[in-house]
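Notes to accompany the following structure.
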Amino acid sequence: LDAYVVLKENLLRSAVGVAFLYAIRRLGGRLFLPESTRLEILSGVQKRGDDAVCKVENGLTTIQSLIGHKPDYSQPSMSDFRSAAEWRLDELSDLIQRCEITLDIYHKALMRVTDHRPPAKTREQYRDCLLWECLIKTSDDCILVSADGDFMDNIKGRDKAKGSCLAQELAKESSGQVSLYLELKDALKAVEPQLPRPDLEGTADTIAAAIQPVLVNIQESQGWHSGPRVGADIELYATER
């Protein structure tokens with residue numbers, strides 16, 4: 001996962017993030033984390049946290065102007081955000097495959113940028129180049145999740161959700177062992193067939209049973225009656241819970 005994906009999914013605490021971690025554990029996979037990506041995540045958490053604090057401060061200023069005083073509020077510091085992100089990565093350490101970046105990797109990434117090769121074909125994406133150079137050193141089949149344009153094949157009309165959109169030059173370099181997805185939910189859908197199927201019908205029955213008492217009260221007050229449930233359409237993610 002590139003750093004943006006990890007940040008977008010709130011350090012993999014979002015519904016999709018938690019489901020993806022569950023999938024990794026069930027499939028015996030690993031979360032590949034080069035040192036450059038780890039540092040980018042820590043810096044990104046600090047930036048997102050600072051932006052959120054600024055929004056809160058602006059909101060409190062508005063509240064103060066409306067009620068005459070500012071509510072008590074203790075905001076986290078930049079170091080608090082960084083420490084929390086480090087703790088989260090430590091919490092996931094059993095799933096993480098770390099990758100130290102050697103001088104050779106730094107050099108190869110720099111040559112990609114200067115030669116305008118993917119993933120730095122149109123922009124100077126040095127961190128993406130570091131991620132790629134680390135990735136192709138592994139011998140395993142990999143899923144790469146990134147929406148950065150220079151990872152992608154520019155063939156029009158290709159279904160970007162099917163993991164077949166990696167730039168041709170990169171696909172050749174990786175001998176077809178890397179599949180690219182633009183969003184984590186797309187990668188999750190790709191591996192779902194390998195996971196135990198959730199009990200969708202049982203879930204539908206549970207939801208219907210919870211709704212039924214409320215429905216009966218409405219029926220009695222309005223003078224109408226409902227028939228049996230005729231179907232259900234449920235989308236859910238399996239997690240460890």
Side-chain angles (χ1 to χ4, degrees), residues 1-9 11-12 14 16-17 19-21 23-24 27-44 89 92 95-195:
L1 314 182
D2 74 6
Y4 174 78
V5 172
V6 178
L7 294 170
K8 180 184 176 184
E9 302 298 340
L11 295 176
L12 303 180
S14 67
V16 175
F20 190 72
L21 293 175
I24 291 176
L27 298 175
R30 303 280 283 171
L31 188 61
F32 189 66
L33 187 68
E35 181 63 15
S36 56
T37 305
R38 188 186 76 87
L39 293 174
E40 189 177 354
I41 290 170
L42 297 179
S43 177
L89 294 178
L92 300 176
L95 290 178
I96 289 176
Q97 178 179 328
R98 296 189 181 275
C99 177
E100 298 297 328
I101 303 180
T102 64
L103 187 60
D104 180 58
I105 290 176
Y106 279 120
H107 177 71
K108 288 181 177 179
L110 180 60
M111 292 306 297
R112 281 186 182 274
V113 174
T114 56
D115 293 342
H116 301 288
R117 294 164 52 208
K121 190 171 184 179
T122 61
R123 295 178 296 167
E124 293 190 1
Q125 296 284 7
Y126 186 57
R127 287 175 297 190
D128 284 345
C129 291
L130 286 173
L131 174 59
W132 180 256
E133 288 294 340
C134 290
L135 192 61
I136 60 175
K137 287 178 68 68
T138 70
S139 58
D140 300 318
D141 289 337
C142 302
I143 286 176
L144 171 62
V145 186
S146 174
D148 288 343
D150 278 351
F151 277 121
M152 302 179 205
D153 194 332
N154 59 8
I155 295 176
K156 294 182 179 179
R158 179 162 289 182
D159 187 348
K160 301 296 186 184
K162 292 186 176 179
S164 57
C165 54
L166 190 67
Q168 292 183 5
E169 182 178 337
L170 299 180
K172 184 176 180 181
E173 283 184 42
S174 62
S175 302
Q177 290 184 297
V178 178
S179 299
L180 175 68
Y181 294 88
L182 307 190
E183 296 187 41
L184 194 59
K185 65 179 181 179
D186 297 327
L188 182 57
K189 287 180 180 178
V191 301
E192 272 186 334
Q194 304 174 60
L195 300 172

For residues 30-41, which side-chain N or O atoms pair as donor and acceptor with protein atoms under 3.5 Å away, sequence neighbours left out?
| residue | atom | partner | partner atom | Å |
| --- | --- | --- | --- | --- |
| R30 | NH1 | D94 | O | 2.7 |
| R30 | NH2 | I96 | O | 2.9 |
| E35 | OE1 | R38 | NE | 3.2 |
| E35 | OE2 | R38 | NE | 3.4 |
| E35 | OE2 | R38 | NH2 | 2.9 |

Got a sec, which residues hit side chain to side chain contact (heavy atoms under 4.5 Å, CB included) with Y106, two or more places apart in sequence or on another chain? I101, Y126, L130
What are the two closest non-hydrogen atoms of S174 and I136, and how far apart are they? CB-CG2, 4.4 Å
Can you list everything that forms a side chain to side chain contact (heavy atoms under 4.5 Å, CB included) with A171? Sequence neighbours excluded, please. L166
Residues in side-chain hydrogen bond (donor to acceptor under 3.5 Å, both in side chains) contact with T138, at least two apart in sequence or another chain: none
Quick one: list whatever passes side-chain hydrogen bond (donor to acceptor under 3.5 Å, both in side chains) with S14, sequence neighbours left out. E9
Test: salt bridge (Lys or Arg N to Asp or Glu O under 4.0 Å). Region: residues 132-141. Which pairs qualify, not counting sequence neighbours? R112-E133
Review item, side-chain donor-acceptor pairs of residues 1-8, under 3.5 Å, at least two apart:
| residue | atom | partner | partner atom | Å |
| --- | --- | --- | --- | --- |
| D2 | OD1 | Y4 | N | 3.3 |
| D2 | OD1 | V5 | N | 3.0 |
| D2 | OD2 | S146 | OG | 2.7 |

Output yes when E183 and K189 qualify as a salt bridge under the 4.0 Å nitrogen-oxygen rule, no when they do not. no
Across all chains, not counting sequence neighbours, the side-chain hydrogen bond (donor to acceptor under 3.5 Å, both in side chains) partners of E192 are none
Sorted by chain and residue number, the salt bridge (charged side-chain N to carboxylate O under 4.0 Å, His left out) partners of E124 (sequence neighbours excluded) come out as none
Restricting to salt bridge (charged side-chain N to carboxylate O under 4.0 Å, His left out), what partner residues turn up for D115, sequence neighbours left out? none
For S175, what residues pass the side chain to side chain contact (heavy atoms under 4.5 Å, CB included) criterion, not counting sequence neighbours? none
